[in-house]
Amino acid sequence: MSLTVGVLAGLTVAAARAAARATSGTFDETIYLDLARRAWFEHNTEGFTELGVAPLPVMLAWSRAAVEPFDQATGDPAVYTNRVARARNNAIWWFAVPLVVSVFLWLAVRSGFAAGLMAAGVLALSPNLLGHAALATTDVAFALTVVLSLAPLTTLIESQSVPRAVALAAALGIALATKYSATALFVCAAAVMWLHRRGRRRSLDVLTLGGGLLVAWAAHGFALSPLISSSGSVAQIVTWAGVDSGRALEWLTALRGPSYVRGIAAQLYLERSGQEAFLLGARSPTGWWYYFPVALALKSTPVEMVALVAFVPLAAGRWKRDLDIRVLATAALVFGILPLAGHRNLGVRYLFPLVIIAVMGTAGWLGPSMSVRPRLKVATVALALAVQAGSFLSVAPQHLAYFNLMAGGPSRGYLRLVDSNLDWGQDLPRLSAWLREHQTNHVSLAYFGTAPPRAYDIDAVGYREAPGAWDRPKWFALSVTYLQGVFVCGDPFQAFRSLSPDARIGYSIMVYSTERADVQQALNAARLNACVH
């Protein structure tokens, strides 16, 4: 078993590092770099809660050594790239490897070696999971805490005891300090406890959930934040009421509580207000209720799709007699339904817990209680891993851009989904290499990302700039998120959607020759667009 753990860990590290080396810093990474720097050197963590970002995984990945004060505009570009590389290496070892190993160990103990190998192998070869494991983001860290919370929840239901309750409280608290979406884990735990309420000490269950909140607060350094914002909805209601509203507002905004409460409120506000979204050629300021099911259908590998579909009848058939299935199915319902109610349709990464739960639950079919013949177990594991490996290799090392054949593959992904599903600003190294092949590093750039192009030896000018003929860039590079009119004001690049690019960089950047008359016309239209925000 130790050999299997080593192989799975090695595969995860090798694949994630290959993707990490080939990509530039992404949106979230640059934001987290700033948040971690302020936390480490200014002892200011308010930025986390104001943005709704839980601090634990950011502080682990962006360690103090990785965030010493640095000016991206004037400093040595190598410093930026080295720090991104260090944070990614930290994230791979802190989050990705433990996720794969914990899934294997949990299933190997509960359902047998074959189930553990199948589930962990599928996850270690998952393009979507590896695409994010290569980046210092929080989604894989949250997926890890989901697994680490469901395991003690299952054992606590089997036999209620104080040590097991403490273990679950610790897991839930760490999960909430990892991502504020972990409020769904508390809902899941409460639902499972209610389903098994007979003969249990309900007071211990309540204390367990409360202990999780206390652990989360401890992970935030027992920091306090205002519970009410002077510009929030509560303040607006008080102002509308008008009865001594000034004094009431002063009192309400002085109320302080655990900082994660403010972080959860920030997340709920973003979910309610929504962000611009793109799906199958359409744009929406608040998204669609069916966005995530469609995104999952387009981005999942064939093995993951089989697991998602097969888990439904498997869970229904074994609900009454299989505790593991009941816990996993309850979690799947919570993590599958809650995203449908939100309006932040940004990426399939929000459904990682659901995919992992489905893979784990379906792999449980190989457990001893199912009486599957040994040869069939071997054949099933071999087939699943072979097909998953094919999906993995089809896009390696550009895992973030994976789309299945039903979606038309990664080359047509930009017509289906953008943002973190495909384009997170990760292809600057490939753009730099392409420019060098064409004997320049000078380019007109409309880049959906926050990494500094100069850190990748790219001399970029904004698309609105119109330099003289002597220094006009020969090439115009356009991120596909902007090409589709998302997160850019006024849809300035609409004309480019009917033009064929001269080159494609990875799967997220189109390159056009500025010597083409049709490109010059489209660029002039973009520059004349009155919308500048």
Side-chain angles (χ1 to χ4, degrees), residues 122-123 126-129 131-132 139-140 142-143 146 179 181 183-185 187-188 191 267-268 270-316 319 325 328-363 387-388 391 395 399-410 412-424 481 484 486:
V122 167
L123 297 180
S126 172
N128 290 319
L129 196 65
H132 287 82
D139 302 285
V140 175
F142 177 54
V146 170
K179 204 171 184 71
S181 303
T183 49
L185 270 176
V187 174
C188 174
Q267 277 291 328
L268 290 174
L270 291 172
E271 289 291 344
R272 184 182 60 196
S273 58
Q275 286 181 260
E276 192 170 6
F278 176 84
L279 178 65
L280 302 177
R283 297 193 304 272
S284 169
T286 56
W288 304 265
W289 71 266
Y290 52 84
Y291 174 91
F292 285 108
V294 174
L296 203 59
L298 298 174
K299 292 280 289 178
S300 295
T301 67
V303 173
E304 291 161 1
M305 284 297 297
V306 169
L308 287 162
V309 173
F311 182 62
V312 176
L314 181 67
W319 174 270
I325 286 292
L328 291 174
T330 303
L333 284 171
V334 172
F335 285 107
I337 292 175
L338 287 182
L340 305 181
H343 297 289
R344 296 187 75 202
N345 296 167
L346 299 180
V348 74
R349 57 196 171 97
Y350 290 99
L351 293 182
F352 279 169
L354 177 62
V355 174
I356 292 170
I357 289 166
V359 169
M360 291 177 64
T362 305
V387 174
Q388 187 75 342
S391 300
V395 73
H399 307 299
L400 192 68
Y402 177 82
F403 282 82
N404 56 40
L405 293 179
M406 183 171 62
R412 297 185 63 80
Y414 76 102
L415 300 173
R416 319 296 189 219
L417 298 163
V418 290
D419 195 38
S420 62
N421 293 298
L422 171 66
D423 173 21
W424 228 358
T481 298
Q484 299 294 8
V486 184

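- Partners of Trp289 according to the side-chain contact (heavy atoms from CB on, under 4.5 Å) rule, which considers only residues two or more places apart in sequence or in another chain, do not exist here.
- The CG atom of Asn128 sits 10.5 Å away from atom CG of Leu351, with the distance rounded to the nearest 0.5 Å.
- Side-chain contact check for Pro293 versus Leu340: some heavy-atom pair is nearer than 4.5 Å.
- A distance of 7.0 Å separates CD1 of Ile357 from SG of Cys188, quoted to the nearest 0.5 Å.
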**OP:** Verify side-chain contact (heavy atoms from CB on, under 4.5 Å) between Leu417 and Val294, making sure each step is shown before the conclusion.
**Re:** CA-CA 10 Å; Leu417 298 163; Val294 174; over 6 Å; no
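- Gly347 and Ser420 get closest at one heavy-atom pair: CA-OG, 3.6 Å.
- Under the 4.5 Å side-chain criterion, counting only non-hydrogen atoms from C-beta, Gln267 is not in contact with Lys179.
- In this structure, Asn421 contributes its side chain and Lys299 its backbone to no donor-acceptor pair below 3.5 Å.
- When the side-chain contact (heavy atoms from CB on, under 4.5 Å) test is applied to Pro302, the partners found at least two apart in sequence or on another chain are Val387, Ser391, Tyr402.
- Rounding to the nearest 0.5 Å places CZ of Arg412 at 12.0 Å from CG of Leu298.
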Which pairs of donor and acceptor atoms, one on a side chain in residues 303-310, lie under 3.5 Å apart (sequence neighbours left out)?
from	atom 1	to	atom 2	distance (Å)
Glu304	OE1	Thr301	N	3.0
Glu304	OE1	Thr301	OG1	3.4
Glu304	OE2	Ser126	OG	2.7
Glu304	OE2	Gln388	NE2	3.2

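- In this structure, the side chains of Val146 and Phe335 come closer than 4.5 Å at one or more pairs of heavy atoms.
- Across all their heavy atoms, Leu338 and Ala184 have their closest contact at CD1-CB, 3.6 Å.
- Partner of Gln275 under the side-chain contact (heavy atoms from CB on, under 4.5 Å) criterion, out of Asp419, Thr286, Asn345, Leu346: Leu346 alone.
- Going from atom CG of Leu185 over to atom CZ of Phe142 covers 5.0 Å, rounded to the nearest 0.5 Å.
- For the residue pair Leu354 and Ala332, the shortest heavy atom distance occurs at CD1-O, 3.6 Å.
- For Arg349 (side chain) and Asp139 (main-chain N/O), no donor-acceptor pair under 3.5 Å exists by modelled atom type.
- In this view, Phe352 and His132 satisfy the ring-ring contact (aromatic ring centres under 6.0 Å, His included) rule, not counting sequence neighbours.
- Here the side chains of Phe311 and Ile325 are in contact, with some heavy-atom distance below 4.5 Å.
- Distance check, rounded to the nearest 0.5 Å: OH of Tyr290 to CG of Leu280 gives 8.0 Å.
- Considering only residues two or more places apart in sequence or on other chains, Val187 meets the side-chain contact (heavy atoms from CB on, under 4.5 Å) condition with Val334.
- Of the inter-residue distances, the one linking Tyr414 atom OH with Asp423 atom CG reads 13.0 Å to the nearest 0.5 angstrom.
- When all heavy atoms are compared, the tightest approach of Ala329 to Trp319 is CB-CZ3, 3.7 Å.
- Remark: Arg283 pairs with Glu276, Phe278, Val486, Asp491, Arg497 by the side-chain contact (heavy atoms from CB on, under 4.5 Å) rule, at least two apart or across chains.
- Under the 4.5 Å side-chain criterion, counting only non-hydrogen atoms from C-beta, Leu422 is not in contact with Leu400.
- Contact between Gly361 and Leu314 at its shortest, heavy atoms only, is O-CD2, 3.1 Å.
- When every heavy atom of Pro127 is checked against every heavy atom of Val395, the shortest pair comes out as CB-CG1, 4.3 Å.
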